[in-house]
Amino acid sequence: MKALENTNSNHILKTADISRTITRPETKTIVDSFSYDFKEKQIYTIVGPSGSGKTSLLRLFNRLDEKSGGTLLFHNEPIENYKVTELRRRIALVFQIPHLFEGTVVSNLAYCCGDSFVNQLGFAEKYLSHVGLPANMAERDPNSLSVGQKQRVALARSLVQGPEILLLDEPTSALDPGASRTIEELIVKLNRELGLTIIAVTHNFEQAVRLGGISLFLVDGHLIESGPSQELFSNPGEELTGRFIKGELR
Amino acid sequence: MIDFGFKQVAIALSLMVLAIILARWQKVGTEKEMAIGTVRSFVQLVAVGYALEFIFGLENLFAILAALLVMILVGSYTAAQRAKKMPQAWRIAFVSILAGSIVTLGLMLVLRIITPKAMYIIPLGGMIIGNSMNCAALVMERLHSDITGNRLAVETALSLGKSWREAISLQFRNAVKAGMMSMLNFFKTVGLVALPGAMTGMILAGASPLEAVMIQIIVGYMLTAAVAVTGIVTAHMAVRRMFTRADQLIV
């Protein structure tokens with residue numbers, strides 16, 4: 001399965017010199033002058049060794065954390081101009097470890113938007129089918145699900161918000177290889193069928209290649225290089241990228 | 001009627017000596033602490049006794065308010081020491097204890113349950129401040145540990161477009177409940193398990209048990225109102241310091 005190619009599409013998220021500096025436990029710049037323009041309906045993977053600032057960068061995109069400097073535009077509008085709850089519905093984030101709330105699968109799906117959604121005919125079926133889960137799972141207790149199923153429910157739940165961008169923070173790191181492949185296929189499918197812009201964080205460059213699209217390679221909060229995933233990791237332009245591929249940077 | 005004075009205290013000291021001997025015999029290891037506690041409580045309470053005698057003698061509203069302010073300052077500091085992880089814990093405790101004290105003491109005065117005399121305001125204020133202090137500390141501790149311990153749940157809710165208020169509604173409720181729990185438990189067991197302090201004190205001082213019971217009921221209602229006000233003010237102030245204006249969790 002290949003990611004949706006849309007070279008003529010508009011930029012949905014533009015970043016210019018964004019950075020984030022934390023002061024605890026020590027003062028440290030974890031995202032450093034990051035600039036990149038993301039086009040809509042594309043798959044992007046942010047790849048890098050642990051501690052390279054991948055997740056920190058992702059959390060700036062939906063304002064879960066505040067940037068210390070730079071400009072971040074969503075549809076050419078500074079993200080600060082959006083009501084934060086609205087921004088987060090339009091730029092959804094799925095965490096590395098899925099958290100499902102007490103209740104049922106369907107109450108989780110309706111979490112963002114209230115009970116009126118639950119009562120819509122075929123509501124659960126529609127969103128569960130998006131993530132390849134059967135409709136009869138709707139009434140299940142989330143605690144009875146496998147981690148892979150939980151991750152798929154978390155993905156479905158974020159789709160209910162009607163996002164334009166889906167941020168995925170290491171979505172397969174807690175899964176076995178089989179379940180990981182299922183999620184990878186699902187990510188490509190969501191991009192292709194729903195036209196979602198997807199920005200996924202991964203420490204695994206092979207996964208980035210499997211997902212296709214564009215990869216951005218990050219080290220110590222710096223964007224080292226970017227390009228089509230297959231090309232970037234088979235023929236890296238920077239020494240650091242080459243060292244990462246060889247497993248010298250972890 | 002027995003008159004309680006230094007003579008009786010000196011005799012009662014034999015009980016502490018007995019306790020210390022028992023602790024030493026059983027190698028509990030608390031003898032030193034008990035000995036220091038004996039001296040310390042004696043000095044502190046006698047000093048407070050003289051201070052109260054002085055303030056009661058003045059019958060001056062400013063002196064009463066000054067005494068209450070000192071008690072609130074010490075109470076806020078103690079509460080803040082117990083909730084060290086909470087940003088601006090001292091300020092939160094001060095405002096919330098002050099609010100609990102003003103509302104309850106104010107209402108008691110306005111409704112003429114008590115008159116503005118030192119003999120009413122100081123002891124009742126002390127009870128209010130003591131209970132409010134514990135409540136403020138508990139609410140801050142619980143709120144901080146529940147929110148940071150459930151960071152993923154809170155941030156998941158935020159990422160699903162919920163406001164900070166919605167994202168922490170459960171933790172907020174549980175923290176306020178924890179702060180009020182001692183008063184709620186008090187109502188369940190009062191009179192059945194132990195006779196409460198104010199009532200015991202009044203009976204020892206020669207009041208009729210029925211009169212003592214009435215005062216105790218008033219004290220119970222007053223303290224519940226105080227911890228409710230303090231707990232809610234504490235929780236509101238504390239959560240505002242845990243989130244930015246853009247609903248970002250910062251602790």
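Per chain, numbering begins at 1; letters A, B, ... match sequence-line order.
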**Student:** We want to know whether A:Gln42 and A:Thr197 form a side-chain donor-acceptor pair, criterion being a heavy-atom distance below 3.5 angstrom.
**Tutor:** no
**Student:** With the side chain counted from C-beta on, respond yes when A:Thr15 and A:Leu73 share a heavy-atom pair under 4.5 Å apart, and no when they do not.
**Tutor:**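 Side-chain contact under 4.5 Å: no.
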**Student:** List, one per line, each side-chain donor-acceptor pair under 3.5 Å for residues 67-75 of chain B, sequence neighbours excluded.
**Tutor:**
none

**Student:** Nearest 0.5 Å, please: how far is CD in A:Glu193 from CG in A:Leu186?
**Tutor:** 9.5 Å
**Student:** Looking at A:Thr202 and A:Asn204, would you say the former's side chain and the latter's main chain have a donor-acceptor pair under 3.5 Å?
**Tutor:**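 Yes, the answer is positive, given that a donor and an acceptor are paired below the 3.5 Å cut-off.
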**Student:** A:Ile97 versus chain B, heavy atoms under 4.5 Å apart: side chain, backbone, both or neither?
**Tutor:**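 Both parts, heavy atoms under 4.5 Å.
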**Student:** Relative to chain A, which of B:Leu152, B:Leu160, B:Leu158 shows the most heavy atom pairs under 4.5 Å?
**Tutor:** B:Leu160
**Student:** May I have a list of the donor-acceptor pairs under 3.5 Å that connect chain A with chain B?
**Tutor:**
| unit_1 | atom_1 | unit_2 | atom_2 | d |
| --- | --- | --- | --- | --- |
| A:Arg59 | NH1 | B:Glu155 | OE1 | 2.8 |
| A:Arg59 | NH2 | B:Glu155 | OE1 | 3.2 |
| A:Arg59 | NH2 | B:Glu155 | OE2 | 2.8 |
| A:Arg63 | O | B:Gln248 | NE2 | 3.0 |
| A:Asp65 | O | B:Gln248 | NE2 | 3.4 |
| A:Glu66 | OE1 | B:Gln248 | NE2 | 2.6 |
| A:Arg88 | NH1 | B:Asp247 | O | 3.1 |
| A:Arg88 | NH2 | B:Ala246 | O | 3.1 |
| A:Arg88 | NH2 | B:Asp247 | O | 3.2 |
| A:Arg89 | NH2 | B:Gly161 | O | 3.4 |
| A:Tyr111 | O | B:Lys162 | NZ | 2.9 |

**Student:** Using side chain to side chain contact (heavy atoms under 4.5 Å, CB included), reason through A:Val131 and A:Val153 one step at a time and then give a plain yes or no.
**Tutor:** CA-CA 7 Å; A:Val131 294; A:Val153 173; over 6 Å; no
**Student:** Say you draw a straight line from CE of B:Met133 to CG of B:Leu138; how long is it, rounded to the nearest 0.5 Å?
**Tutor:** 10.0 Å
